[in-house]
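Before any comments, here is the structure.
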Amino acid sequence: MNVDHTRSKTLAWLGALAAASLLASGQAQAGAYGLAVNDLSNFRITSSAGNLSLAGANRNASDSAFFEGGVAVNPRAVNTGPAANADVLQVCSGGGCRGLPQNHYAPSPSSTLEFARGDAHAFGNMLNGGATVQAVAEAQRNTVGAATATASDSLTGSVNLTLSSAGFITFSFMGRRDLRTSVTTLGDKSNVSIMDIFNISCNSASPVGCLSKANADGVIFQFAPDGNPNNGSDVNGNHGAGSLDPFSLNMTAGTNDPATGRAFTNGFAMFSLTSNFALPAGSYTLNFSKSTRTDIVVIDPLAVPEPGTLFLLGMGLAALAFTRRRRPA
């Protein structure tokens, strides 16, 4: 029996397997995608009695985008009065920004585009006719690096909500969410989040006794939709009735495993919550916060051995062991 010939054939076979494994390993593509859409329409604040008015309010829209290795984009913000349109220009960083439209609140994934974008828009009067507030943060990478996008809408500053006579307060709106997170290589990361919080709190001009109904932060009425209508986000009582809260608008989703992509997509549904007590006539502070965020990281493929790389290493060790075992004494 020709030992050298047998050894050569075996080593050739192991080498072929190793080469195939290396080719498969080289063809693996890293990548990550994240989307967070927060979209409210016909947002209204109403009272069961008397009139409501807003004074000293500023409507704010802001966004930011970061794409490692791309052109830096400074955060942008627009501040207007309570009834004016606040439409901040979309910010986008990365090679795939061209062609992504303004005020586009839908996913735009691609196998070739790489970008991070944020866009926010608010318009309409929440006391008369209803307001629309929209925000999207989206990012995609196919190469090594990180990307972050944020977008938010809020009412900021000294926002005085005045109630002319005692009455129950209701927050109501149509809302939808779209959160998507996925990666193509084990170890890449994609995290997304959205947040909506609305509350009324006491201020120095509020009626006597306001603080007696408030929590430690002075909040007397808060709505933070969590998908459970029986929770009641009113800080002063359970709203088992009179509350519509079909799904959570305050959540975070993420993955670093190609097998566990996340998607939480809902069409428009009705949300509402009414205070469980009548607020006395007077002045209060209204706080409204709405935001989206996407963070993705694509790792260096060489930093984590892929199955093909591990197989190649195994073939090399097997060849070495075979050679040593068959060496003549």
Side-chain angles (χ1 to χ4, degrees), residues 38 40-62 77-86 120-135 152-175 195-226 232-237 239 242-245 249-250 271-291:
N38 196 354
L40 308 185
S41 67
N42 199 31
F43 178 78
R44 303 186 68 186
I45 303 174
T46 56
S47 171
S48 62
N51 297 317
L52 292 172
S53 64
L54 285 175
N58 288 313
R59 173 171 278 162
N60 175 72
S62 63
V78 172
N79 293 284
T80 68
N85 182 20
H121 191 194
F123 59 93
N125 192 319
M126 63 183 63
L127 300 183
N128 300 304
T132 295
V133 285
Q134 300 167 309
S152 66
D153 302 287
S154 61
L155 281 175
T156 60
S158 177
V159 184
N160 296 320
L161 178 70
T162 303
L163 185 61
S164 63
S165 61
F168 296 88
I169 298 291
T170 298
F171 289 121
S172 64
F173 56 88
M174 299 291 292
M195 180 187 72
D196 287 287
I197 298 176
F198 323 100
N199 67 50
I200 296 173
S201 60
C202 305
N203 59 40
S204 59
S206 295
V208 175
C210 180
L211 288 175
S212 66
K213 293 182 175 291
N215 64 13
D217 295 323
V219 176
I220 57 175
F221 178 46
Q222 176 170 288
F223 190 21
D226 63 358
S233 296
D234 188 332
V235 299
N236 286 285
H239 276 261
S243 175
L244 293 175
D245 193 357
L249 287 176
N250 293 272
F271 291 78
S272 71
L273 183 68
T274 300
S275 63
N276 68 329
F277 64 95
L279 277 67
S283 175
Y284 303 87
T285 297
L286 170 66
N287 303 290
F288 166 60
S289 180
K290 171 186 177 62
S291 67

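Using cut-offs of 30° and 60° for the angle between ring planes, the F223 and F198 rings count as tilted.
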CA sep, side-chain torsions, deciding dist, call: L286, M126, side-chain contact (heavy atoms from CB on, under 4.5 Å)
CA-CA 12 Å; L286 170 66; M126 63 183 63; 4.0 Å; yes
Audit row: N60, S62, side-chain contact (heavy atoms from CB on, under 4.5 Å) steps and yes/no
CA-CA 7 Å; N60 175 72; S62 63; 4.0 Å; yes
Run the side-chain contact (heavy atoms from CB on, under 4.5 Å) check on D217 and S201 step by step: do they pass?
CA-CA 8 Å; D217 295 323; S201 60; over 6 Å; no
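Note that CG of L211 and CG of N203 are 9.5 Å apart. Values are rounded to the nearest 0.5 Å. The OG1 atom of T170 sits 8.0 Å away from atom CG of L273, with the distance rounded to the nearest 0.5 Å. The OG atom of S283 sits 7.5 Å away from atom CG of L161, with the distance rounded to the nearest 0.5 Å. Between the OG1 atom of T162 and the CG atom of L52 there is a distance of 8.5 Å, given to the nearest 0.5 Å. In this structure, CZ in F43 is found 9.5 Å from CG in L127, a value given to the nearest 0.5 Å. Note that the CG atom of N42 and the OG atom of S172 stand 6.5 Å from one another [nearest 0.5 Å].
Contact between L163 and A49 at its shortest, heavy atoms only, is CD1-O, 3.7 Å. Of all heavy-atom pairs between S47 and I169, the closest is CB-CD1, 4.1 Å. Contact between D153 and Q134 at its shortest, heavy atoms only, is OD2-O, 2.8 Å. Counting all heavy atoms, side chain and backbone alike, N38 lies closest to M195 at ND2-O, 3.3 Å. Nearest heavy atom pair, residue A120 against residue S152, reads CB-O, 3.4 Å. The nearest pair of heavy atoms linking S165 to A281 is CA-CB, 3.5 Å.
For S291, the side chain to side chain donor-acceptor pair (under 3.5 Å) criterion is met by no residue, not counting sequence neighbours. Y284 pairs by the ring-ring contact (aromatic ring centres under 6.0 Å, His included) definition with nothing, not counting sequence neighbours. The side chain to side chain donor-acceptor pair (under 3.5 Å) check on T132 picks up nothing, with sequence neighbours excluded.
Side-chain atoms of N250 and D226, non-hydrogen and from C-beta on, never get closer than 4.5 Å to each other. Counting heavy atoms from C-beta outward, L249 and L40 have side chains that approach closer than 4.5 Å.
A distance-only check finds a donor-acceptor pair linking the side chain of S48 to the backbone of F168 [under 3.5 Å].
When each of F271, F288, F221 is tested with F171 by the rule ring pair (Phe, Tyr, Trp, His ring centres under 6.0 Å), just one qualifies, namely F221.
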